[in-house]
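If you're wondering where the values come from, they're calculated on a predicted model, not measured in any experiment.
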Amino acid sequence: MSESEKEVYERSQLYRMRHSTSHVMAEAVLEKFPEGKFAIGPAIADGFYYDFDLPRPLTPEDLKEIEQRMRKIIASRQSFERQELSAQEARQLFADQPYKIELIDGLEHGGLDDDGNPTDEPQIISIYKSGKFVDLCRGPHVENTKEINPKALKLMSVAGAYWRGDEKNPMLQRIYGTVFETPEELDQYLWKLEEAKKRDHRRLGKDLDLYSSNDEVGTGLILWHPNGAKIRFLAERYWEDEHIANGYDFVYTPHIGKSSLWETSGHLGFYKENMYSPIEIEGQEYYIKPMNCPFHLHIYKNSLRSYRDLPLRYAEKGTVYRYERSGVLHGLMRVRGFTQDDAHHFCRPDQMPAEIDFVLHFSLNILRAFGFEKIKAYLSTMPEKRVGDPEQWHAAEAALEASLKRANMPYEVDKGGGAFYGPKIDLKVMDALDREWQLSTIQFDFNLPERFDLTYIGEDGQPHRPYMVHRALLGSMERFFGILIEHYGGAFPAWLASTQAVIIPIADRHMDYAHQIAGKLKAAGLRVNVDERAERMNAKIRDAQKQKVPYMLVIGDKEMQEGQVALRKRNGENPGAIPLEDFLSLAKKEIEEKIS
Ligand SMILES: [Zn+2]
Ligand SMILES: [Zn+2]
């Protein structure tokens, strides 16, 4: 959820409903455990939670019972009534509730508000009563529990949560729940959760034998297996072709660089905690690169540049290494070594609007080719602390914004949210489950050209400073692959599938014909296997489906006699026996159009 979506959500009826339902849940829990202590219970993005200190751990059966109690409370049509109190009155009211007392102290002196967020101003202390239940709360709530749909309500899980997120504090039990306006919306939400589990890239990575990582190699370091590497190769080949066709030059740069390089670039100043310890070579310190930029700047600097040479576009699939705490590593999404599809654009100030237009269009086309149709843009503008003069900033921001408008992109502005060295556009894609992933960044840089003293000779014969733009399109190959796996649920479109067709001979006597067909398809450029195992046809089909192979071609007596293949598609379509040529043109078309 973006900041502005969050604001809209927090003003919505759904938000009030969810927060009110957390009160109803607390009421139900305290009915069941009258000696229980309750802490905080906010609405969150997908529902709500409440933290409790209870005499025993909750079981799934408890959750069911609490849910039943909640439905009864909702049916009793309690109205929510707000009342403001002095701190003293509030302390009396919650005398046997230590967590509430702590919250009241916070409200009185500034500390934590009732959602557990820090604040330094004394707050108005308010309570909400619904039925016999009273909670310390600033609201807002629905008027009456009748606004909560008891059929669209579900308690999801219990998890341990330290009071105020501090591990020195007692561990409380956090019950997560959710509620929607209608049961259909709840079902849709539960379906998405289930589907997200099935699509988890770590699970599919194992099932489809795509990649692994292990402790001996080192956590957060990815091993690409042949199936995954094939998909990466195909994605990169497409990426490369598009870059060549669009005026990029490829460069290759080393994995390490001398400390003086990282001092000039500033990385040792402001990025050091993300870098690994130095390596000593002949008394000099070298660092493993966390970014490719300084090398590209040196390639620019290596020759005298004229205004006629610009724009220059350097692209590299550059593998970088960044320190991440082991606790935050996650499958392919967060790793320690990864390959960025990096590019740096250098241009004259007068070329800048066209260059931004170009890079935005280029990025959108490639994201769409990978199957992401829903794309949102975020524009981050000049922060307080910055380098470069405001005029340059505003010109760059205007170019970014105008470009988004020309491309008809929905976008949000994060005012003051830019990095200190320049404004940027981030592109986020929505996957098949409507989850948002940030992929591309188009980032201005007024800092590095200055630090590396980049120049070009202008028409006036004088040196001028070029503009520089960093661009990562897919982000990193590792994370992008993780997102692709989840977007497609492992069923990659035919153009990316490591195996496009499996040929399934029904009996041994069909084997030769199967291999003949495989030969013809391979000659036509398809990636094909023959399933030679002595398994029954249905088992072979099931396995091919499990491996999510786009096309299955079953071969029996009839197909052999008539030069046909019986086509079954991964999606359940079963066109049956067709001439081999027909299959070939169908497959070629779907591969060409990047569909299926
Ligand atoms: Zn409340
Ligand atoms: Zn860069």
Sequence neighbours left out, what passes side-chain contact (heavy atoms from CB on, under 4.5 Å) with A544? Give chain and number order.
V502, M552
If you count every heavy atom of other residues, nucleotides or ligands that lies below 6.0 Å from E391 atom CD, does the total exceed 12?
no
Quick check: does any side chain N or O of H361 sit under 3.5 Å from a backbone N or O of D357, one acting as donor and the other as acceptor?
yes
Rounded to the nearest 0.5 Å, the CZ atom of F446 sits from the CZ atom of R465 at a distance of 12.5 Å
So among R435, R202, K198, R199, which one has a salt bridge (charged side-chain N to carboxylate O under 4.0 Å, His left out) with E486?
R435
Describe, in one word, how the ring planes of F481 and F492 are oriented to each other, choosing from parallel (under 30°), tilted (30 to 60°) and perpendicular (over 60°).
parallel
Between E573 and N571, is any side-chain donor less than 3.5 angstrom from a side-chain acceptor?
yes
Between Y321 and Y276, is the ring centroid distance below 6.0 Å?
no
Verify the distance criterion only: is there a donor paired with an acceptor across the side chains of Q547 and T499 at less than 3.5 Å?
no
Distance flag, aromatic centroids of Y488 and H201, threshold under 6.0 Å:
no
Quick check on K301: does its NZ atom have over 12 non-hydrogen neighbours (other residues, nucleotides or ligands) under 6.0 Å away?
yes
Will you find, in the side chains of Q438 and Y378, an N or O donor that is under 3.5 Å from an N or O acceptor?
no
Are F370 and Y238, when compared by the centres of their aromatic rings, separated by less than 6.0 Å?
yes
Residues passing the side-chain contact (heavy atoms from CB on, under 4.5 Å) test with R451, sequence neighbours excluded, are N447, L448
Salt bridge or not for E5 and K376, using N-O below 4.0 Å?
yes
Can you measure from OH (Y323) to CD1 (I288) and round to the nearest 0.5 angstrom?
14.0 Å
Give, for atom CZ of F233 and atom CD of E240, the distance between the pair rounded to the nearest 0.5 Å.
8.0 Å
Please report whether the ring centroid of H243 lies less than 6.0 Å from that of F362.
yes
Is there a donor-acceptor pair under 3.5 Å between the side chain of K317 and the backbone N or O of E236?
no
Please step through side-chain contact (heavy atoms from CB on, under 4.5 Å) for the pair T455 and Q462, ending with a clear verdict.
CA-CA 9 Å; T455 56; Q462 299 300 310; over 6 Å; no
Could you walk me through whether Y287 and L261 pass the side-chain contact (heavy atoms from CB on, under 4.5 Å) check?
CA-CA 9 Å; Y287 286 86; L261 176 72; over 6 Å; no
Could you walk me through whether D309 and Y456 pass the side-chain contact (heavy atoms from CB on, under 4.5 Å) test, one step at a time?
CA-CA 9 Å; D309 300 331; Y456 68 91; over 6 Å; no
Residue pairs passing the side chain to side chain donor-acceptor pair (under 3.5 Å) test with at least one member in residues 211-221, sequence neighbours excluded, are S212-H225
Go through the steps for F372 and L427 under the test side-chain contact (heavy atoms from CB on, under 4.5 Å), then give the verdict.
CA-CA 11 Å; F372 298 106; L427 298 178; over 6 Å; no
Regarding K374 and D434, does a basic nitrogen lie under 4.0 Å from an acidic carboxylate oxygen?
yes
Polar side-chain atom of E316 near backbone of D342 as donor-acceptor pair, under 3.5 Å:
no
CD1 (I279) and OG (S259) are apart, to the nearest 0.5 Å, by 11.5 Å
